[in-house]
Amino acid sequence: MTNMNDQAIPNFIPTGEATAWLPVPGGLPPIKVIGTPTIRGGLDAMCIKQAINTRLSPGVTEVVLNPDAHGGYGAPIGCVMVSPSHIYPGPVGVDIKCSMSLLQLDAPADAVIDKPTRRALIDAILERTPTGPGRGQRQAKKGRYVDATLGRRVVTEGASEGVLRELGVPTEWALRCEDSHHVGHDETADALHKRLELLTREARQYQVFADKMRQLGSYGGGNHFGECEVVQVEPTQRERAAVFGLRDGHVAFLSHCGSRGWGALLADGQFKAMQQKFAKWGIPLPGGDRHMVHAPLGTQEANDYLDDMALGANFATVNHMLINALVLDAFQEVLPGIKGSLVYFISHNIARREVVNKSLAWVHRKGATRAFPAGHHALAGGPFEKAGHPILLPGNPKDGSSVMVAEEGAKFSCYSVNHGAGRAMSRTAASKTLNQREVDESLLRADIMTNCRQYPIDEAPKAYKDFNEVIKSVTQAGLASEVARLKATFVIKDGDKADD
DNA sequence: ATGTCC
């Protein structure tokens, strides 16, 4: 941890109610900061230091710091980094294509209000979707088996019609994905087949791959979760809510998960490979930070990273699609006849090639969400062309989570918003400061049930920033508007397993 | 984030 006292207070230059510049040395354009004065004042020293280092790194043309930003590895979590010439693994994040999904169910809130029903749903979901590091189909009594043969298709095709059919996932859900599939560096799936072939050439490596594939349809640990919600549509946003398929006063299910062990393996492999090259060639690391390795586009190193990122992203996409199918299956077991439809699936840890200031660049979003408003060229021909696409932001079980939609002002932040509340305390600080009983009792008082006998203390609502202040920042900055608030009725988290 | 360090 960086000592707060040895850092200069950052000299933000306010440009609006919730926007500011953060100047950087060397005459480069400043970092764009989204956040009310309260949010800006709460940004930790490591976050500021990493944001400046990111801005000063080779080939970087823009950095946006979102209100949920905090220190991470290399680049802050909660930042956007744009480069037309380079690709950076650090500013994508370790959990490649960590994402949010929202499943709308056609039952009114009353259907899941009584405790026995909620408990039955928690059990039914856990029988199908295990949680935690290393967990996968071996722990699922009613999961779906994914072998290495299907796994190959999952990571090279993503949520293709064939893969979704094979897994029993409604094929129309692919239209509700930010990117239903990812291709390799040369825009083909063939590049991914070749890369996977190389990565799994040895028997031992192939076994590791097969093992990771068995995690498909499972939640991770840490901040990953599944949460049953009641939808509260903003009265002024009924039209957009209808386009999204949101139903006021009805039950929905919000999920946060990523590419699991497979994505971590790929990201880790890329860090190591690039770090070795930097050492071998004596290239200086930006700010001496080994998580800020990078490669110029067109090089073998950049191509390999882009292929690995796509292989990880495809797993993450199908993982979420399968989780939603399994969750729907669980709901149907407990509440026969209930129907569900995917509202949206959107990532907050990925690099995408997008038009920024009229030219193509790689937009790295690390704990940041794409935010294309109505009429954005990339939405043409899709279901969200005229409304803008849904933005899914997890807050906390007590204050709720949010469905937002981008406004024209999002151009300022390279068409991006935050990815949630953002941590206010480190995990260790949370464990030291917060009281376990208080955390559990506050959830109980709010009538929020969980699968954990003890809620993971480092995931307590108080370990996160004030979600309402974060949403206020986004709204006041003119980036997006809230369409609906989601209020938790039960939460599934990794921790304190009764079956261990 | 990750069976959590080479």
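Just so it is clear, the structure is predicted and the values come from calculations on it, not from any experiment. Sequence lines set the chain letters: A, B, ... in the order given, protein chains first and strands last, and positions in each chain run from 1.
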_By the 4.0 Å heavy-atom rule, please label R138(A) as base, sugar-phosphate, or nothing._
base

_Could you tell me how far apart D494(A) (CG) and dG3(B) (P) are, to the nearest whole angstrom?_
10 Å

*So which heavy atom on G93(A) is nearest to which on N349(A), and how close?*
CA-ND2, 4.2 Å

*F209(A) CZ to dG3(B) C1', straight-line distance once rounded to whole Å*: 19 Å

*G263(A) near the nucleic acid: base, sugar-phosphate alone, or nothing, with a heavy-atom cut-off under 4.0 Å?*
nothing

_If you compare all heavy atoms of V80(A) against all heavy atoms of C414(A), which two are closest, and at what distance to 0.1 Å?_
CG1-CB, 4.4 Å

*Is there a side-chain polar atom (N or O) of R260(A) under 4.0 Å from OP1 or OP2 of dT2(B)?*
yes

*Show the numbers, then the answer: is there a salt bridge (Lys or Arg N to Asp or Glu O under 4.0 Å) between R152(A) and E157(A)?*
CA-CA 8 Å; R152(A) 275 186 180 280; E157(A) 292 176 31; over 6 Å; no

*Could you state the atom-to-atom distance from OH of Y219(A) to P of dT2(B) in whole Å?*
13 Å

*Starting at NZ of K272(A) and ending at P of dC5(B), how long is that distance when rounded to a whole Å?*
9 Å

*asked:* Quick check on dA1(B): is either OP1 or OP2 less than 4.0 Å from any side-chain nitrogen or oxygen of N223(A)?
replied: yes

*asked:* Base, sugar-phosphate or nothing for G258(A)? Non-hydrogen atoms, less than 4.0 Å.
replied: nothing

*Do the side-chain N or O atoms of Q215(A) get closer than 4.0 angstrom to the phosphate oxygens (OP1, OP2) of dG3(B)?*
yes

*Round to a whole Å and report the spacing from NZ of K493(A) to C1' of dA1(B).*
12 Å

*Considering only side-chain heavy atoms of E459(A), which listed nucleotide, dC6(B), dT2(B), dA1(B), is closest?*
dA1(B)

_Whole-Å gap separating P (dT2(B)) and CG (D211(A))_ = 14 Å

*Respond yes when some side-chain nitrogen or oxygen of K212(A) is under 4.0 Å from OP1 or OP2 of dG3(B), and no when none is.*
yes

*Atom-pair distance (CG on D268(A); C1' on dA1(B)), nearest Å*: 11 Å

*asked:* Aromatic contact between F345(A) and W173(A), with the criterion being ring centroids under 6.0 Å apart: yes or no?
replied: no

*Whole-Å distance between dA1(B) C1' and Y73(A) OH?*
9 Å

*Under the salt bridge (Lys or Arg N to Asp or Glu O under 4.0 Å) test, which residues partner D494(A), sequence neighbours left out?*
K497(A)

*Respond yes when some side-chain nitrogen or oxygen of R427(A) is under 4.0 Å from OP1 or OP2 of dA1(B), and no when none is.*
yes

